[in-house]
Amino acid sequence: MNRVPDSVPDHGSTEESAASGAAASENVSLSGPEILTFGCRLNTWESEVMRTHAQGLGEQAQGDVIIVNTCAVTGEAERQARQAIRRAHRRNPDARIVVTGCAAQIDPDRWAALPGVTRVLGNEEKLKAESWSPAAMAEPRAVSDIMAARETAAHLVTEFAGRTRAFVQVQQGCDHRCTFCIIPFGRGPSRSVPVGAVVEQVRALVQSGYREVVLTGVDMTSWGADLPGRPALGQLCRRVLRLVPELERLRLSSVDPVEIDEDVWQLLELEPRFMPYLHLSLQAGSDMILKRMKRRHLAQDAAAVVARARALRPDIGIGADVIAGFPTEDEALFEETRRFLVEQALPYLHVFPYSERPGTPAARMRAVPVPERRARAAILRDVGAQAAARYHAGLLGRPLRVLMETPTTGHSEQFAPVRLAEGEAGVGEIVTLMPVAVDGVGLVAERI
């Protein structure tokens with residue numbers, strides 16, 4: 001469960017991950033309706049599916065439609081989506097506003113009542129071409145029971161507005177019930193996209209010029225559990241890399257620490273096209289809090305994953321989602337998480353104050369005051385910033401392969417942010433740069 005420059009994580013997190021789902025990314029470089037996307041990488045991919053389906057409305061009608069793809073992971077994500085809807089209505093009072101995404105799926109009445117909203121679509125319906133026909137657009141609501149969904153359809157997407165890396169959905173939904181998370185009720189049960197459909201999508205993206213593809217889903221490491229033979233995620237990655245040899249870079253979005261399979265570990269160690277980056281759905285470094293979250297790992301499990309990753313790829317970039325101020329977290333339990341993060345020195349932390357989600361078990365637990373949640377989040381972000389500065393310093397003087405996202409900035413294979421000290425490079429190119437300094441964002445580099 002990525003608002004977003006090309007950032008990796010998404011759900012399984014709360015990625016980059018779903019927990020962040022706050023600011024929208026506006027798609028502006030492709031034809032079609034205006035789309036405001038909140039939340040995770042999966043939403044980014046789904047917005048492009050909707051853009052394709054909306055082509056059937058005709059060019060004039062498309063310009064009259066604003067699509068808001070919401071996120072429900074935090075109250076802040078929902079607040080910003082409501083704010084965006086009100087702004088869009090004030091800016092263009094005649095536009096038809098279509099609201100979809102997890103927040104709309106969970107509480108369609110609330111979103112239908114907002115000014116300017118003419119249609120609310122569920123997460124299943126938004127991906128169906130027939131939902132975007134002129135006749136269907138006259139219907140104010142189409143929201144089915146997401147918990148009855150048993151499979152997820154593949155969709156061919158070959159363009160991502162304003163982005164140099166592409167996303168491919170490989171999995172949808174979640175069967176776990178973390179006590180803080182409402183997303184299973186917005187996404188439904190876990191279901192996998194078959195290997196052949198994933199390979200076809202990746203091949204089409206490479207043919208469209210993308211050099212890097214990110215595999216994404218709600219609970220990525222559950223991929224394959226509902227397919228014949230119950231293949232694991234690493235097998236899917238192997239098949240993609242073997243069957244699309246022209247793909248230069250393959251990356252994963254957020255993964256559950258205890259569900260990384262052996263094929264993923266082997267790819268990290270031996271496959272140069274499999275990017276040396278992991279984003280972990282960590283959430284806390286305190287065993288008591290992890291148990292109350294109903295997570296499937298303890299702190300020592302996550303520490304073992306980090307140690308193994310660094311043993312295989314000493315240069316690996318590691319990110320993690322962390323919730324600060326979870327209910328019942330006192331000063332001692334918070335200190336356990338802070339100390340764990342200091343010891344693990346994870347450079348790419350995504351830290352968010354806990355946000356109550358009505359209907360979840362955590363919302364009924366003893367709450368930490370909101371100001372304290374925010375203060376603790378700030379402390380953990382500072383821990384992450386210090387770890388990032390040290391990590392970036394360790395990359396100085398070694399050549400990095402950087403995918404340029406603007407003429408002067410991009411990300412390395414380790415997902416380190418890199419800025420050219422002078423000059424420019426072509427957007428979408430992969431260039432070899434030598435980092436010579438660390439700034440407040442990442443690395444400053446020169447051409448070799």
Side-chain angles (χ1 to χ4, degrees), residues 2-10 15-17 20 23-32 35-37 39-49 51-52 69 155-170 198 201-216 237 240-241 244-254 272-277 279 317 319 348 395 399-421 423-433 435 441-445 447-448:
N2 0 135
R3 104 174 152 91
V4 283
D6 279 349
S7 174
V8 167
D10 68 344
E15 269 56 281
E16 196 325 333
S17 89
S20 51
S25 61
E26 273 192 61
N27 296 333
V28 294
S29 64
L30 296 180
S31 61
I35 305 180
L36 303 176
T37 303
C40 64
R41 301 312 122 201
L42 187 55
N43 260 10
T44 298
W45 178 83
E46 289 173 337
S47 287
E48 298 308 327
V49 173
R51 185 191 300 283
T52 299
N69 198 4
H155 299 271
L156 192 62
V157 178
T158 57
E159 291 186 83
F160 287 81
R163 297 175 185 273
T164 53
R165 60 176 49 82
F167 304 95
V168 173
Q169 175 198 258
V170 303
V198 174
Q201 173 75 83
V202 173
R203 185 176 289 122
L205 287 163
V206 172
Q207 291 171 353
S208 294
Y210 286 95
R211 319 284 288 275
E212 179 174 309
V213 168
V214 182
L215 302 185
T216 186
C237 297
V240 168
L241 289 163
V244 192
E246 60 273 30
L247 173 64
E248 296 182 58
R249 291 159 67 136
L250 182 66
R251 196 182 292 276
L252 299 180
S253 61
S254 298
R273 294 188 294 148
F274 192 79
M275 295 297 94
Y277 179 82
H279 191 91
Y348 303 120
L395 295 175
L400 298 177
R401 298 272 290 160
V402 177
L403 174 64
M404 301 302 296
E405 293 151 18
T406 75
T408 59
T409 62
H411 281 83
S412 72
E413 294 179 333
Q414 302 85 353
F415 215 65
V418 181
R419 174 174 61 86
L420 271 173
E424 296 184 347
V427 173
E429 288 185 12
I430 295 177
V431 297
T432 301
L433 303 177
V441 176
L443 291 158
V444 181
R447 283 184 174 274
I448 296 178

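Position 1 is the first residue of the sequence; numbering continues from there.
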Using 0.5 Å steps for rounding, measure from the [atom1] atom of [X] to the [atom2] atom of [Y].
X    : Y    : atom1 : atom2 : answer
E48  : T37  : CD    : OG1   : 7.0 Å
L241 : L247 : CG    : CG    : 6.0 Å
M404 : H411 : CE    : NE2   : 11.0 Å
Y277 : R251 : OH    : CZ    : 8.0 Å
E413 : L400 : CD    : CG    : 8.0 Å
L420 : L433 : CG    : CG    : 5.0 Å

Looking only at non-hydrogen atoms, find the nearest pair between [X] and [Y] and report the distance.
X    : Y    : answer
A421 : V444 : CB-CG1, 3.7 Å
L443 : A416 : CD1-CB, 4.1 Å
F167 : L205 : O-CD1, 4.3 Å
V198 : L215 : CG1-CD2, 4.4 Å
G317 : Y348 : CA-CE1, 4.3 Å
S47  : I35  : O-CD1, 3.3 Å

Checklist entry - Taking only residues two or more places apart in sequence or in another chain, which ones pass salt bridge (charged side-chain N to carboxylate O under 4.0 Å, His left out) with R273? => result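 R273 satisfies salt bridge (charged side-chain N to carboxylate O under 4.0 Å, His left out) with E271 only.
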Checklist entry - With sequence neighbours left out, what residues match E46 under salt bridge (charged side-chain N to carboxylate O under 4.0 Å, His left out)? => result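 Only K126, R187 meet the salt bridge (charged side-chain N to carboxylate O under 4.0 Å, His left out) criterion with E46.
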Is there side-chain contact between [X] and [Y], with heavy atoms separated by less than 4.5 Å?
X    : Y    : value
L252 : F274 : yes
L250 : C237 : yes
V213 : Q201 : no

Item to check | Partner set under side chain to side chain contact (heavy atoms under 4.5 Å, CB included) for E248, not counting sequence neighbours | outcome: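 So E248 forms a side chain to side chain contact (heavy atoms under 4.5 Å, CB included) with R211, R401, I430.
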Checklist entry - Looking at residues at least two apart in the chain, or sitting in another chain, which of them share a side chain to side chain contact (heavy atoms under 4.5 Å, CB included) with P272? => result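 Not a single residue meets the side chain to side chain contact (heavy atoms under 4.5 Å, CB included) criterion with P272.
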Checklist entry - Who are the side-chain hydrogen bond (donor to acceptor under 3.5 Å, both in side chains) partners of T406, not counting sequence neighbours? => result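 Expected list: T409.
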